[in-house]
2 protein chains.
Amino acid sequence: MIDKTKFPDIAFRKHDHRRCQRQLLTEASQLCATRKLRLTPRRRQVLEIMLASHQPMGAYDILARLNRADSAERIAPPIVYRALEFLMAEGLIHRIESRNAFITCAHPGHESAAQFLICRDCERVAEVETSAQSLLAEADNLGFAVDHSVVEITGVCAECQKHAG
Amino acid sequence: MIDKTKFPDIAFRKHDHRRCQRQLLTEASQLCATRKLRLTPRRRQVLEIMLASHQPMGAYDILARLNRADSAERIAPPIVYRALEFLMAEGLIHRIESRNAFITCAHPGHESAAQFLICRDCERVAEVETSAQSLLAEADNLGFAVDHSVVEITGVCAECQKHAG
DNA sequence: TATCGTTACGTTATAATATAACAAAATGAT
DNA sequence: ATCATTTTGTTATATTATAACGTAACGATA
Ligand SMILES: [Zn+2]
Ligand SMILES: [Zn+2]
Ligand SMILES: [Zn+2]
Ligand SMILES: [Zn+2]
């Protein structure tokens, strides 16, 4: 069992990635079973493709891999986007907004908002736990040189909350 | 002079927006003059269009307004994207990654990374100046009900910094 | 196991966002 | 006036995402 709370930068280190993959697939299965949701072959297939690395993938990258796998079929975009939609809704993957790309969740089932350290060189992504700690401090801790940070909080402003009443 | 440090939620309040517009245009002019950069008619026009409101605009929204303004010309996407590129490079506007949209900077020339509170109801955006850790507290302060937060820190991981040597 | 409502998948077309590549014009420094 | 540089204009195309609608699989129930 890889504890990503202790090694939040696992994505940036050499490690037994097979174990990552197995562990996350198992967690995904269990999570879906618990919630009585169907991790269908397609959804599982997309998740497996995404588990190939700790780099985010664009929907069309995933699509290309799907079409390379089953040389007979001609999979179309909506299939991929639907699988991504399901996986995101269940917190098995996250969207990296600044890249229009998607990445597997490092610890499925977490409550707090996901936060990422994205290396613009190797393109690997580490998912860190929000907790109380400052993310920038955490980055500094990990020796991660911050280049650009995107912080976007979406919600409803006070005025609109009144009107909605 | 509107002090957005004292009123970080100015975008969510009733206020004299003409003053916002005038003030930001003046700041933009001065900033470009200081840096010996050209705030050309096109760039200024795009900035003015964006100053219409505190809501982010897509590149094609801006394009549509350009084409409505000069009914003769047929402005094409690259023109808009180039103006946006310039304005972003100089910190006069910011990109809202989670919306593929752009918004004028609330206080041009600031050093720290921009952070936003985006209302998914009225779609107005407040730019706040706080550290990442206290942003959620700030949101709470302003009565902003957080719905979804995107925190993306891009940089170079420790390993890649070694290889780059 | 036949039926039926629901969920997931497949297919086609198209919308929305963004950039490549190259030509023409404007700028500003000799 | 000339020329290098920057900015703008133009055409075409790449990339990302969704609408709309039909088919198949599933899973509960009779
Ligand atoms: Zn791994
Ligand atoms: Zn996660
Ligand atoms: Zn205003
Ligand atoms: Zn700003």
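Just so it is clear, the model here is predicted, and its values are computed rather than measured. The basis for the numbers below is simple: all heavy atoms, side chains too, and nothing from hydrogens, waters or symmetry mates. Numbered from 1 within each chain, the chains take letters A, B, ... in sequence-line order.
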Student: Is B:Cys119 close to B:Phe144 at the side-chain level, that is, under 4.5 Å between some pair of heavy atoms?
Tutor: yes
Student: Could you check if a side-chain atom of B:Cys157 sits within less than 4.5 angstrom of a side-chain atom of A:Asp121, using non-hydrogen atoms only?
Tutor: no
Student: Write down the distance between CD1 (A:Ile79) and P (D:dG22), rounded to a whole number of angstrom.
Tutor: 17 Å
Student: Strictly below 4.0 Å: does B:Arg42 bring a side-chain N or O up to OP1 or OP2 of D:dG9?
Tutor: yes
Student: Please tell me which of the listed nucleotides, D:dT7, D:dA17, C:dT11, lies nearest to the side chain of A:Ala76?
Tutor: C:dT11
Student: Look at the side chain of A:Ala59 and decide which nucleotide, out of C:dT19, D:dA17, C:dG10, has an atom nearest to it.
Tutor: D:dA17
Student: What is the separation between atom OH on A:Tyr60 and atom P on D:dA17, rounded to the nearest whole Å?
Tutor: 8 Å
Student: Would you kindly give the OH-to-C1' distance between A:Tyr81 and C:dA15, to the nearest whole Å?
Tutor: 12 Å
Student: Using the side-chain hydrogen bond (donor to acceptor under 3.5 Å, both in side chains) definition, which of the options A:Arg19, A:Gln21, A:Glu27 pairs with A:Gln23?
Tutor: A:Glu27
Student: What integer distance in Å separates B:Leu63:CG from D:dT10:P?
Tutor: 12 Å
Student: Check the angle between the aromatic planes of B:His17 and B:His54 and answer parallel, tilted or perpendicular using the 30° and 60° thresholds.
Tutor: perpendicular
Student: Reading DNA chain D from 5' onward, which residue's closest nucleotide shows up sooner: B:Thr40 or B:Pro78?
Tutor: B:Thr40
Student: Determine the contact category for B:Arg44: base if any of its heavy atoms lies under 4.0 Å from a base atom, sugar-phosphate if only primed atoms, P, OP1 or OP2 are that close, otherwise nothing.
Tutor: nothing
Student: Measure from CD on B:Gln45 to C1' on D:dT7 and round the result to the nearest Å.
Tutor: 15 Å
Student: Quickly work out the B:Arg35 CZ to D:dT6 P distance and round it to whole Å.
Tutor: 18 Å
Student: With nearest nucleotide decided by heavy atoms, which residue, B:Ala101 or B:Arg38, maps closer to the 5′ end of DNA chain C?
Tutor: B:Ala101
Student: If only side-chain N and O atoms of A:Arg43 are considered, is one of them under 4.0 Å from the OP1 or OP2 phosphate oxygen of C:dA8?
Tutor: yes
Student: Calculate the interatomic distance between B:Arg74 atom CZ and D:dT8 atom P; express it in whole Å.
Tutor: 19 Å
Student: Looking only at the side chains, is there a donor atom on one of A:Gln45 and A:Arg42 sitting less than 3.5 Å from an acceptor on the other?
Tutor: yes
Student: Any donor-acceptor pair, under 3.5 Å, between the side chain of B:Arg82 and the base of D:dG9, if you only look at N and O atoms?
Tutor: yes
Student: What is the distance, to the nearest angstrom, from the CD atom on A:Glu90 to the P atom on C:dT7?
Tutor: 14 Å
